[in-house]
Q: 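This structure is in structure tokens; I'll ask about it shortly.
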Amino acid sequence: MSPLPAAALGARHFKAMQADDLDRVMEVEVRAYSFPWSRGNFLDSLKSGHVSELLATEAQVLLGYFVAMQGVDELHLLNITVVPDFQRCGLGRALLDRLEWQARQRGLATIWLEVRASNARARYLYGARGFVEQGIRRGYYPAGGSRREDAVVMKLDLDGEAAHAAG
């Protein structure tokens with residue numbers, strides 16, 4: 001699918017991810033990644049009370065989701081996914097805006113994430129969104145067989161920035 005402007009997808013809304021959403025989430029997860037999260041990973045996150053939201057159309061078409069773990073004064077992004085058919089439509093930015101909104105609502109100062117070193121599109125998006133590379137976690141991600149891939153650790157400092165609206 002060629003990229004569409006996000007407005008072409010119609011009205012969208014966020015909702016808290018629930019266990020009964022996991023069939024749809026898992027369909028997307030296995031399409032989007034070579035090494036997807038397991039259903040158990042999502043269930044554990046939900047049971048732990050992690051910030052977990054879906055982005056969907058008014059017709060309940062799933063567009064994307066994220067899961068983030070709150071710390072003392074930070075939010076750590078664990079998983080962010082845009083449905084492959086809707087990538088490059090501006091939804092990654094919408095998910096990140098919502099994540100930042102969630103952090104600000106909780107009075108948190110920082111958002112952290114790891115991203116595969118080879119994922120140039122995501123690294124570009126995070127950088128354009130204000131995340132700054134902080135370091136490397138060697139061999140963090142599985143890469144097939146016994147191979148591992150490095151993760152780039154990125155940080156968004158929310159102190160002193162203008163708030164972004166998210167709907």
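In this text the structure is predicted, and so the values were computed from the model without any measurement. Just so you know, residue 1 is the first one in the sequence shown, and it goes up from there.
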Q: Run the ring-ring contact (aromatic ring centres under 6.0 Å, His included) test against Tyr141 and tell me which residues pass, sequence neighbours left out.
A: none
Q: Using side-chain heavy atoms (C-beta onward) and a distance below 4.5 Å, is Arg106 in contact with Gln102?
A: yes
Q: In chain order, what residues pass the side-chain contact (heavy atoms from CB on, under 4.5 Å) check against Leu22, with sequence neighbours excluded?
A: Met17, Val25, Arg39, Phe42, Leu43, Leu46
Q: Do Ile80 and Met69 sit in one hydrophobic cluster, given that two such residues count as connected whenever their side-chain heavy atoms are within less than 4.5 Å of each other, even indirectly?
A: yes
Q: Just verifying a value: how many Å separate Leu63 CG and Leu54 CG, rounded to the nearest 0.5 Å?
A: 10.0 Å
Q: What is the minimum heavy-atom distance between Arg31 and Pro84, and which atoms define it?
A: NH2-CB, 3.9 Å
Q: Does Ala103 have any side-chain contact (heavy atoms from CB on, under 4.5 Å) partners at least two apart in sequence or in another chain, and if so, which?
A: Leu75, Leu108, Ile111, Leu158
Q: Which salt bridge (charged side-chain N to carboxylate O under 4.0 Å, His left out) pairs, counting each pair once, include a residue from residues 66-78, with sequence neighbours left out?
A: none
Q: Search all heavy atoms of Glu114 against all heavy atoms of Tyr140 and return the closest pair with its distance.
A: OE1-OH, 3.5 Å
Q: Test question: given the 4.5 Å side-chain rule for I, L, V, M, F, W and Y, name all other residues clustered with Val153, or answer none.
A: Trp112
Q: Mind checking whether Val61 and Val82 sit in one hydrophobic cluster, side chains of I, L, V, M, F, W, Y counted as touching below 4.5 Å?
A: yes
Q: Go through Glu100 and Arg104 one step at a time and tell me if the salt bridge (charged side-chain N to carboxylate O under 4.0 Å, His left out) criterion holds.
A: CA-CA 6 Å; Glu100 181 180 332; Arg104 289 182 182 284; 2.8 Å; yes
Q: Above 12 or not: heavy atoms from other molecules or residues under 6.0 Å from CZ of Phe35?
A: yes
Q: Who pairs with Glu149 by salt bridge (Lys or Arg N to Asp or Glu O under 4.0 Å), at least two apart in sequence or on another chain?
A: Arg116
